[in-house]
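Letters go in sequence order (proteins before strands), and every chain restarts at 1.
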Number of protein chains: 2
Amino acid sequence: MIVNRIRELREEKMRSSSESEQWTQEGMAKRLGVSRQTVISMEKGTYNPSLILAFKLARAFGMAIEDIFEYRDDDNET
Amino acid sequence: MIVNRIRELREEKMRSSSESEQWTQEGMAKRLGVSRQTVISMEKGTYNPSLILAFKLARAFGMAIEDIFEYRDDDNET
DNA sequence: ACTTGACGTAAAGTGAACTTTACATATAAG
DNA sequence: CTTATATGTAAAGTTCACTTTACGTCAAGT
């Protein structure tokens with residue numbers, strides 16, 4: 001399974017950034033080129049995003065994928 | 001789009017590793033828990049794997065995702 | 001009171017990641 | 001010459017990431 005820090009990071013951006021509306025769920029969705037539903041699902045962490053989405057997120061936050069997502073091999077995933 | 005070094009890295013492992021059969025396409029498929037077709041498709045680079053698969057690959061190679069996959073935002077992907 | 005913006009949820013649809021099977025080729029070994 | 005192993009390809013099926021729409025809540029502003 002995969003654990004992520006997306007919500008935490010996004011909320012920190014909302015607080016610190018001058019353009020906080022860029023960092024709402026909808027702002028992030030636009031920036032990433034996905035739907036708001038997808039942002040919500042990612043934050044919930046209930047699913048396994050594509051590598052491209054992970055790269056886009058990492059780029060948006062200016063971080064490495066490994067600093068946003070943590071992989072824990074508890075069980076049998078695809 | 002995403003470019004990767006999977007084939008290159010796997011073939012290097014085949015040459016240098018003592019258990020080279022662990023690094024055939026089929027060996028990798030078993031290790032990653034996917035089908036051999038999926039390994040072939042990944043090496044061809046024609047598609048966008050899941051984050052979990054990317055993590056498993058990175059772990060198999062003992063590298064970071066960013067050292068295996070390179071993200072180039074040429075156009076409009078999901 | 002009413003609007004507006006940010007977040008949440010549910011449900012149906014689409015496309016692509018991934019599987020499975022089957023067959024074909026090339027190389028190396030016995 | 002035959003057998004085994006590694007790779008390639010094609011095609012049909014399944015699952016799930018992601019979309020779209022629609023509606024509901026809550027807090028802040030006017």
Side-chain angles (χ1 to χ4, degrees), chain A residues 1-60 65 68-69 71 73-78, chain B residues 1-60 65 68-69 71 73-78:
Chain A
M1 71 174 305
I2 287 187
V3 176
N4 74 69
R5 305 207 297 135
I6 301 174
R7 160 151 321 214
E8 169 192 350
L9 291 167
R10 186 178 62 79
E11 288 185 341
E12 187 187 341
K13 288 284 188 184
M14 285 210 71
R15 279 184 244 107
S16 63
S17 170
S18 54
E19 302 109 336
S20 64
E21 80 278 356
Q22 294 268 39
W23 294 99
T24 63
Q25 287 179 342
E26 189 153 11
M28 272 204 58
K30 272 183 191 139
R31 171 190 291 246
L32 299 175
V34 297
S35 68
R36 188 169 65 92
Q37 263 312 309
T38 297
V39 173
I40 291 173
S41 297
M42 294 192 74
E43 292 193 346
K44 278 205 284 188
T46 53
Y47 82 113
N48 168 28
S50 69
L51 225 204
I52 286 187
L53 233 191
F55 266 117
K56 288 183 178 174
L57 245 186
R59 185 163 297 187
I65 289 179
I68 301 176
F69 295 93
Y71 173 50
D73 49 350
D74 293 342
D75 33 11
N76 38 350
E77 322 91 340
T78 297
Chain B
M1 72 173 307
I2 288 187
V3 176
N4 73 70
R5 306 206 296 136
I6 301 175
R7 160 152 322 213
E8 168 192 352
L9 291 167
R10 185 177 63 79
E11 288 184 340
E12 189 187 338
K13 288 283 188 186
M14 284 209 70
R15 280 184 244 107
S16 63
S17 170
S18 53
E19 302 110 333
S20 64
E21 81 277 357
Q22 293 270 39
W23 295 99
T24 63
Q25 288 179 344
E26 188 153 12
M28 271 204 59
K30 272 182 191 141
R31 172 190 290 246
L32 299 176
V34 297
S35 69
R36 188 167 65 91
Q37 264 312 310
T38 297
V39 173
I40 291 173
S41 297
M42 293 193 75
E43 291 193 347
K44 278 206 284 187
T46 53
Y47 81 115
N48 168 28
S50 68
L51 225 205
I52 285 186
L53 232 191
F55 265 117
K56 288 182 178 175
L57 246 186
R59 185 163 298 187
I65 289 179
I68 302 176
F69 296 93
Y71 172 50
D73 50 350
D74 293 340
D75 33 15
N76 39 349
E77 323 92 340
T78 298

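The phosphate of C/dC18 has OP1 or OP2 within less than 4.0 Å of a side-chain N or O from B/Ser50. Applying the 4.0 Å criterion to OP1 and OP2 of D/dT9, one finds that B/Arg36 has every side-chain N and O outside that range. For C/dA6, neither phosphate oxygen OP1 nor OP2 lies less than 4.0 angstrom from any side-chain nitrogen or oxygen of A/Arg7. Using a 4.0 Å cut-off, no side-chain N or O of B/Thr38 falls inside it from OP1 or OP2 of C/dC18. Note on A/Gln25: a side-chain N or O is less than 4.0 Å away from OP1 or OP2 of C/dG8.
Regarding A/Lys30, its NZ atom lies at a distance of 15 Å from the C1' atom of C/dC7, rounded to whole Å. Atom CZ of B/Arg10 and atom P of D/dT7 are 5 Å apart (whole Å). Rounding to whole angstrom units, CG of residue B/Leu51 and C1' of D/dC16 are separated by 15 Å. At whole-Å resolution of the value, CE in A/Met1 and P in D/dA17 are 13 Å apart. Across the protein-nucleic acid pair, A/Leu53 atom CG and C/dA17 atom P stand 12 Å apart, rounded to whole Å. When the P atom of D/dA17 is taken as reference, atom NZ of A/Lys56 falls 17 Å away, rounded to whole Å. We find that CE of A/Met42 is positioned 11 Å from C1' of D/dA17, with the value rounded to whole Å. Distance CD (A/Gln22) to C1' (C/dA6): 15 Å, rounded to an integer number of Å.
Around CD of A/Glu26, the count of heavy atoms belonging to other residues, nucleotides or ligands within 6.0 Å does not exceed 12. Atom CD of A/Glu43 has more than 12 heavy atoms from other residues, nucleotides or ligands within 6.0 Å.
Counting distance only, with no hydrogens placed and no angle test, the side-chain atoms of A/Gln37 and the base atoms of C/dT9 include a donor-acceptor pair under 3.5 Å. Taking 3.5 Å as the limit, the base of D/dT5 and the side chain of B/Glu21 contain no donor-acceptor pair of atoms between them.
By the 6.0 Å and 45° rule, B/Arg15 does not stack over the aromatic ring of B/Trp23.
Here B/Met14 lies in heavy-atom contact (under 4.0 Å) with sugar-phosphate atoms only.
In this structure, of C/dC7, C/dT9, C/dT19, it is C/dT9 that holds the atom nearest to the side chain of A/Ile40. Of the candidate nucleotides D/dT19, D/dT7, C/dC7, C/dC7 has the atom nearest to the side chain of A/Thr24.
Contact check for A/Thr24 versus A/Arg36: no side-chain heavy atoms found under the 4.5 Å cut-off.
No donor-acceptor contact under 3.5 angstrom links the side chains of A/Ser41 and A/Thr38, judged on distance only.
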